[in-house]
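See below for the structure under consideration.
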Protein chains: 2
Amino acid sequence: MTHANRLSWKDVRDEIHDAILAGRYGPGDRLPRDADIAVEMNCARSTVQRAMQDLSDSGLVERRRKGGTRVRSEPVTRATLDIPITRREVEQKGGRYGHQLIRRTATDAPRSVLATFELTEPEPMLRVEALHLSDGRPYILEDRWISLRTAPEIRDVDLSAQSANEWLVLNKPYNRCDLRFYAISADPQTAELLQTDTGAALFVIERTTWIDAAPITTVKAITTPGYQLLTQS
Amino acid sequence: MTHANRLSWKDVRDEIHDAILAGRYGPGDRLPRDADIAVEMNCARSTVQRAMQDLSDSGLVERRRKGGTRVRSEPVTRATLDIPITRREVEQKGGRYGHQLIRRTATDAPRSVLATFELTEPEPMLRVEALHLSDGRPYILEDRWISLRTAPEIRDVDLSAQSANEWLVLNKPYNRCDLRFYAISADPQTAELLQTDTGAALFVIERTTWIDAAPITTVKAITTPGYQLLTQS
DNA sequence: TGACAAAATAAGTAGCTACATAATAGCGTT
DNA sequence: AACGCTATTATGTAGCTACTTATTTTGTCA
């Protein structure tokens with residue numbers, strides 16, 4: 001073989017990572033410059049650069065031009081979340097997917113929604129309330145606002161055939177996405193729709209998307225009791 | 001200037017991204033090969049490669065050797081979460097941080113904890129229950145299990161001076177981290193510790209870390225009512 | 001001493017080449 | 001048709017060079 005002892009950038013990354021784990025570099029310490037590491041590990045600087053970029057992306061290390069690379073003094077837990085389309089989520093868990101359109105209202109956005117989008121001017125919107133089902137039982141209740149200026153085509157979509165969730169994901173790619181997670185107590189209406197008890201603790205996912213500065217949609221997805229969101233890997 | 005019209009990999013990325021947004025490539029469609037895009041956009045293949053990698057990381061596109069690049073047919077919402085040390089989180093919100101050690105017990109891990117770590121053999125552990133405070137008021141209640149085999153030094157740490165959260169983050173870097181989010185109803189004990197009402201909806205963050213295959217710690221962090229977790233950006 | 005300009009520094013990026021690797025497609029044999 | 005080998009293909013990676021850019025350090029002059 002031609003290069004058994006050749007280092008890949010992942011090897012370099014792991015070696016530096018291990019050095020930090022082993023305490024050779026502590027929080028706040030400055031690491032040698034890329035070029036020196038390259039010499040020491042007998043590889044190209046570009047290889048070290050890729051390794052360092054990855055460590056920087058994962059939050060272990062901070063890099064600044066001229067300032068060099070240093071171990072983050074107050075490390076963060078950084079994780080990547082994947083949130084699939086609800087239909088796919090249900091099907092992947094082995095359930096049969098279904099959905100019901102509850103209400104569909106064209107109206108101006110209330111102030112709270114405008115604030116979520118960081119807008120100051122009024123905006124015509126479509127409000128869509130829908131229930132996602134797994135094996136015929138409530139799974140997620142969504143309360144969604146869609147900008148009619150950014151996504152006027154939504155007017156002509158039959159939302160009882162295809163959920164707004166799915167139509168938007170397939171037809172309105174976004175640029176920017178904010179997520180927000182928290183817990184609420186089920187109010188009587190919500191409890192009835194989700195077929196659970198008033199006061200039950202429900203996990204909520206709020207998602208807001210934009211294309212450039214233009215608002216697309218904001219949705220409050222209220223999950224049924226027992227729902228868990230996991231990081232993948 | 002020397003290169004005003006030179007394309008950076010971010011330009012390439014954005015151009016491809018825009019082409020997808022504009023519908024020139026729909027879900028499932030195959031994109032031209034990197035080399036062709038490079039010719040068309042008059043840049044090096046390595047530049048296209050970097051752009052494509054980024055689009056792939058962000059979940060918009062899937063790449064396979066020989067198979068080429070194609071737009072994900074069922075796109076996911078992918079987001080990065082940063083979870084800081086609790087002390088830092090409190091301080092960043094302008095609060096005064098404090099913490100109380102509630103209980104500290106050395107014992108073998110129960111089956112549920114072993115399962116979380118994907119272990120089958122019994123494991124000696126330290127259980128630490130602690131309360132994080134913001135401006136003297138309850139902020140997060142944590143119920144933590146620490147492996148005494150992987151982190152034996154924890155025995156000698158004064159956990160009323162430094163929280164286990166902080167000591168672990170600074171002294172026990174990890175390789176693998178699983179996160180889990182959900183909602184619970186406050187039971188009477190939890191409610192009392194968090195100074196809230198029994199039955200209140202509480203947002204819970206569970207985090208489990210390993211170094212290679214060895215378990216480090218698993219923690220169930222129960223937040224006070226109103227707590228929200230946001231994606232940054 | 002302080003302000004500002006110039007030099008030095010270390011990471012970031014672009015381009016090129018060469019080769020590695022995974023996955024597919026094609027072909028021939030039985 | 002089923003198999004296994006080989007060739008092909010498109011992405012992935014490593015190395016090199018050259019240049020750019022952000023930031024700090026240093027040096028000079030008022």
Side-chain angles (χ1 to χ4, degrees), chain A residues 1-17 19-20 24-25 27-73 80 233, chain B residues 1-17 19-20 24-25 27-73 78 80:
Chain A
M1 69 193 79
T2 65
H3 68 299
N5 46 6
R6 212 168 167 192
L7 289 176
S8 87
W9 67 268
K10 287 180 182 173
D11 297 331
V12 174
R13 177 196 61 188
D14 292 345
E15 202 151 318
I16 297 168
H17 189 94
I20 295 172
R24 290 212 281 128
Y25 302 101
D29 284 1
R30 182 166 169 181
L31 300 175
R33 10 196 284 260
D34 292 8
D36 291 346
I37 294 181
V39 170
E40 192 184 337
M41 300 183 58
N42 192 35
C43 65
R45 175 164 82 90
S46 50
T47 306
V48 178
Q49 155 79 15
R50 249 172 297 189
M52 287 300 203
Q53 264 304 334
D54 196 64
L55 291 170
S56 172
D57 287 346
S58 73
L60 187 64
V61 126
E62 272 172 333
R63 280 159 79 72
R64 280 166 61 191
R65 284 175 158 148
K66 165 86 183 181
T69 308
R70 44 188 65 225
V71 181
R72 274 182 93 112
S73 50
T80 301
S233 99
Chain B
M1 64 192 82
T2 65
H3 68 300
N5 46 5
R6 213 171 168 187
L7 289 175
S8 87
W9 67 267
K10 288 180 181 173
D11 297 332
V12 174
R13 178 196 61 187
D14 292 345
E15 202 150 318
I16 297 168
H17 189 94
I20 295 173
R24 289 213 282 130
Y25 302 102
D29 284 2
R30 182 166 168 182
L31 300 175
R33 359 194 294 258
D34 292 7
D36 290 346
I37 294 181
V39 169
E40 192 185 337
M41 299 184 59
N42 191 35
C43 66
R45 176 165 82 89
S46 50
T47 305
V48 178
Q49 154 78 15
R50 248 173 297 189
M52 286 298 200
Q53 265 305 333
D54 195 63
L55 290 172
S56 172
D57 288 347
S58 72
L60 187 63
V61 125
E62 270 172 333
R63 280 160 80 74
R64 281 165 59 192
R65 282 173 159 153
K66 165 85 183 179
T69 307
R70 45 189 64 226
V71 181
R72 274 182 94 113
S73 49
R78 185 165 291 176
T80 301

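These numbers come from a predicted model, not from an experiment. Protein chains get the first letters and strands the later ones, always in sequence-line order, with residue 1 at the start of each.
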| query | Think A/Thr69 has a side-chain N or O under 4.0 angstrom from the OP1 or OP2 of C/dA10? | reply | no

| query | Can you name the nearest heavy-atom pair linking A/Ser73 to A/Pro27, along with the distance? | reply | O-CB, 3.6 Å

| task | Check if the side chain of B/Arg65 and the base of D/dT11 share a donor-acceptor pair of N or O atoms closer than 3.5 Å. | result | yes

| message | Using OP1 and OP2 only, check whether a side-chain N or O of A/Ser8 sits under 4.0 Å from D/dT13. | response | no

| field | Short side-chain N/O contact to C/dT13 OP1/OP2 from B/Thr47, under 4.0 Å | value | no

| The side chain of B/Ala44 lies closest to which of these nucleotides: C/dG15, D/dT11, D/dA22? | C/dG15

| request: Please work out which residues in residues 29-38 of chain B have a non-hydrogen atom less than 4.0 Å from an atom of DNA chain C and list them by number. | output: none

Give me, pair by pair, the N or O atoms of the protein and of nucleotides 5-8 of chain C that are less than 3.5 Å apart, along with how far apart they are.
none

| task | Answer with base, sugar-phosphate or nothing: what part of the nucleic acid does A/Gly68 contact at a heavy-atom distance below 4.0 Å? | result | sugar-phosphate

| field | OP1 or OP2 of C/dG12 under 4.0 Å from side-chain N/O of A/Arg45 | value | no

| message | Once rounded to the nearest 0.5 Å, what's the spacing between atom CD1 of B/Ile20 and atom CG of B/Leu31? | response | 5.5 Å

| request: Under the side-chain contact (heavy atoms from CB on, under 4.5 Å) rule, collect the residues that match up with B/Pro32, sequence neighbours excluded. | output: B/Tyr25, B/Asp36, B/Ile37

| field | Sequence neighbours excluded - salt bridge (charged side-chain N to carboxylate O under 4.0 Å, His left out) pairs with any residue from residues 48-61 of chain A | value | A/Arg13-A/Asp54

Indicate every side-chain donor-acceptor pair of residues 59-71 of chain A with a distance under 3.5 Å to a residue at least two apart or in another chain.
from, atom 1, to, atom 2, distance (Å)
A/Arg63, NH1, A/Asp34, OD1, 3.1
A/Arg63, NH1, A/Thr69, OG1, 2.8
A/Arg63, NH2, A/Asp34, OD2, 2.7
A/Arg63, NH2, A/Gln49, OE1, 3.1
A/Arg70, NH1, A/Gly28, O, 3.2

Under 3.5 Å, which donor-acceptor pairs link side chains of residues 40-48 of chain A to any protein atom two or more places apart or in another chain?
none

| request: Report yes if at least one side-chain N or O of B/Arg64 is closer than 4.0 Å to OP1 or OP2 of C/dT24; otherwise report no. | output: yes

| request: To the nearest Å, give me how far apart CH2 (A/Trp9) and C1' (C/dA20) are. | output: 16 Å

| Of all of residues 48-60 of chain A, which get a heavy atom below 4.0 angstrom from DNA chain D, listed by number? | A/Arg50

| request: Indicate whether OP1 or OP2 belonging to C/dG12 is found under 4.0 Å from a side-chain N or O atom of A/Arg63. | output: yes

| said: Donor-acceptor check, side chain of A/Asp11 to backbone of A/Ser8, threshold 3.5 angstrom: yes or no? | reply: yes

| query | Roughly, in whole Å, what's the span from CD in B/Glu62 to C1' in C/dA22? | reply | 16 Å

